[in-house]
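Written out below as structure tokens is the structure these notes cover.
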Protein chains: 2
Amino acid sequence: MALDQQVIVSAAREILQQEGFDKLSLRKIADALGVQTPALYWHVRDRAQLYGLLAEQFLREVIAQTGLETTGRDWLISFGTALRDSHRINRDSARLVAFVQPSQTVEQEVANVILDHLEAGGMSRDLARIACSSMQAFTLGWSLFESNASVRPMMIGNLDSDAAFLLALTQLAEGLASVDLSFQQTNGTKPPPPDLFVG
Amino acid sequence: MALDQQVIVSAAREILQQEGFDKLSLRKIADALGVQTPALYWHVRDRAQLYGLLAEQFLREVIAQTGLETTGRDWLISFGTALRDSHRINRDSARLVAFVQPSQTVEQEVANVILDHLEAGGMSRDLARIACSSMQAFTLGWSLFESNASVRPMMIGNLDSDAAFLLALTQLAEGLASVDLSFQQTNGTKPPPPDLFVG
DNA sequence: CAATCACCTTAAGGGTATTAAGGAGAGGAC
DNA sequence: GTCCTCTCCTTAATACCCTTAAGGTGATTG
């Protein structure tokens, strides 16, 4: 099998899934591919870029799996749910995302896709940015907490973790969507917050 | 200066603030204290415990700085704001929290303090758990995103980051508080979510 | 006074990412 | 066919890192 950036990313993903983030290393990836460690550097700048590519792949899959709901509220919930499912299925992916600096161009592309979805659902682009950031932030943080064995029992207790997540996610999505409406209708129940722009 | 767990934590904190999480290491801490690296192991089990103590100190300070608002909504907002301020002031503290497994006893204690606050503000203990988890998760995730140079411009754009955070935080807090009301009044606008408990 | 214990040292083992330099092979130019 | 070049990988080396083992020193205590 010819060495390739995609092949390396796949091998890394396999090891991450199998052994977790702590055990992931360039050496182990190279071993799995039957190659010496420095060979990876021909296809990948460094570890940070490799992990960034991995995170990017996860995010792309989430977007592909997110439904085509029409309203902003529903899309946000679908997006958040898909994001959390990804973090649950892909071991330590939350820790990975917390660790890496994804490539800027990719993030730009992904962001545009998301923002287009939300605009199509009737959100202003500025609020869509906030909403999208919020959903990703909330889901990432929740996944990190959830995968933390010592925090989980205190915070979740004997509650159903899925239901608790969905409850909070829904509240956040509805809250953000309601701000959007107040922007558009100008007679919403909540006034828009002041000074949302810099400068 | 006699070596001590607290002294070590303080030195670690200083290096974290000065050089960031990537540059933090036991060796550097030991150097700063004028001591050999293995000396640290007399006072600290391993790196994970040391970082956990650091995260614990941050969290304690946040709780101490959180106001004594009476309503659950206000307390949550105050808590979330203090948490984010801490992450902004203390460099890479979000990445640290994402990395460590804090000690269970400490988390228990802190959780109890928080939950007592929320119960005093009129929340059910179960919803307080969810609310508290949600605020910490959201703030942690937001801080991680915000400190990520390549994600920030896409997600926040030219918006005021402070205002955007506060907007989303407020929506989340109000949403969670409203669920609480519907629990207590049993005539709220939103029905309680089904199957919140496990089993 | 001797023994113990706390605390730190040096020494060593094994892990990591990364760079430098060199070799083997494919492909094209002439 | 020969030579050159470029791609892709190897070996070698550097410089970190965490952690454990074993040994020494000085204060404390019986």
Side-chain angles (χ1 to χ4, degrees), chain A residues 1-56 91-92 95-103 148-150, chain B residues 1-56 91-92 95-103 148-150:
Chain A
M1 175 166 47
L3 212 49
D4 179 358
Q5 199 174 67
Q6 180 52 43
V7 169
I8 295 174
V9 170
S10 296
R13 182 169 182 166
E14 179 71 17
I15 294 173
L16 181 67
Q17 184 67 31
Q18 225 66 35
E19 312 193 27
F21 186 67
D22 292 330
K23 302 289 184 183
L24 184 59
S25 70
L26 296 186
R27 179 195 182 117
K28 207 162 254 174
I29 296 168
D31 283 354
L33 292 170
V35 88
Q36 295 306 116
T37 311
L40 304 179
Y41 283 81
W42 185 260
H43 306 275
V44 158
R45 179 160 33 84
D46 55 8
R47 188 176 67 145
Q49 194 207 359
L50 172 58
Y51 290 3
L53 291 170
L54 206 49
E56 167 196 338
R91 179 175 174 185
D92 278 350
R95 293 183 64 196
L96 183 92
V97 171
F99 188 79
V100 300
Q101 299 262 112
S103 96
N148 190 322
S150 45
Chain B
M1 174 166 47
L3 212 51
D4 179 358
Q5 200 174 67
Q6 180 52 44
V7 168
I8 295 175
V9 170
S10 296
R13 182 170 182 166
E14 179 70 18
I15 293 173
L16 182 67
Q17 184 68 30
Q18 225 66 36
E19 312 194 27
F21 186 67
D22 292 328
K23 303 290 185 183
L24 184 60
S25 71
L26 296 186
R27 179 195 181 119
K28 208 162 252 175
I29 296 168
D31 283 354
L33 293 170
V35 88
Q36 295 305 116
T37 311
L40 304 179
Y41 283 81
W42 185 262
H43 306 276
V44 159
R45 178 161 33 82
D46 56 8
R47 187 177 66 146
Q49 193 207 359
L50 172 57
Y51 290 3
L53 291 171
L54 206 47
E56 168 197 336
R91 179 176 174 184
D92 278 351
R95 293 183 64 194
L96 183 93
V97 171
F99 187 79
V100 299
Q101 300 262 114
S103 97
N148 190 322
S150 45

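Order of the sequence lines fixes the chain letters, A, B, ..., with proteins taken first and strands second; residue numbering starts at 1 for each chain.
Of the side-chain N and O atoms in A:Gln36, one or more sit less than 4.0 angstrom from OP1 or OP2 of D:dT11. The shortest distance between the side-chain N/O atoms of A:His43 and the OP1/OP2 oxygens of D:dT7 is not below 4.0 Å.
Within the structure, salt bridge (Lys or Arg N to Asp or Glu O under 4.0 Å) pairs that include any residue of residues 6-18 of chain A comprise A:Arg13-A:Glu61 (at least two apart or interchain). Among residues at least two apart or in separate chains, there is no salt bridge (Lys or Arg N to Asp or Glu O under 4.0 Å) pair with a member in residues 38-47 of chain B.
With sequence neighbours excluded, no residue forms a salt bridge (charged side-chain N to carboxylate O under 4.0 Å, His left out) with B:Arg91. Evaluation of the side-chain hydrogen bond (donor to acceptor under 3.5 Å, both in side chains) rule for B:Asn148 yields B:Ser150 as partners, not counting sequence neighbours. Among residues two or more places apart in sequence or in another chain, the salt bridge (charged side-chain N to carboxylate O under 4.0 Å, His left out) test is passed with B:Glu19 by B:Lys28. A:Asp4 pairs by the side chain to side chain contact (heavy atoms under 4.5 Å, CB included) definition with A:Gln6, A:Val7, not counting sequence neighbours.
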Contact list (N/O, under 3.5 angstrom) for nucleotides 20-29 of chain D vs protein:
none

N/O-N/O pairs, protein side and nucleotides 14-17 of chain D side, under 3.5 Å:
unit_1 : atom_1 : unit_2  : atom_2 : d
D:dC17 : OP1    : B:Ser25 : OG     : 3.0
D:dC17 : OP2    : B:Arg27 : NE     : 3.4

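Distance, A:Asp31 CG to C:dG15 C1': 13 Å, rounded to whole Å. When rounded to the nearest whole Å, the span between CH2 of A:Trp42 and P of D:dC6 equals 11 Å. Computed from coordinates, the B:Gln5 CD to C:dA6 C1' distance equals 16 Å when rounded to whole Å. Rounded to whole Å, atom P of C:dC7 lies 15 Å from atom CG of B:Leu33.
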* Asked: Going through the checks in order, is the side-chain contact (heavy atoms from CB on, under 4.5 Å) test met by A:Leu26 and A:Leu50?
  -> CA-CA 9 Å; A:Leu26 296 186; A:Leu50 172 58; 3.7 Å; yes

Return a table of donor-acceptor pairs under 3.5 angstrom between the side chains of residues 35-44 of chain B and protein atoms on other chains or two or more places apart.
none

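Toward the 5' end of DNA chain D, the nearer of the two residues A:Ala39 and B:Thr37, judged by each one's closest nucleotide, is A:Ala39.
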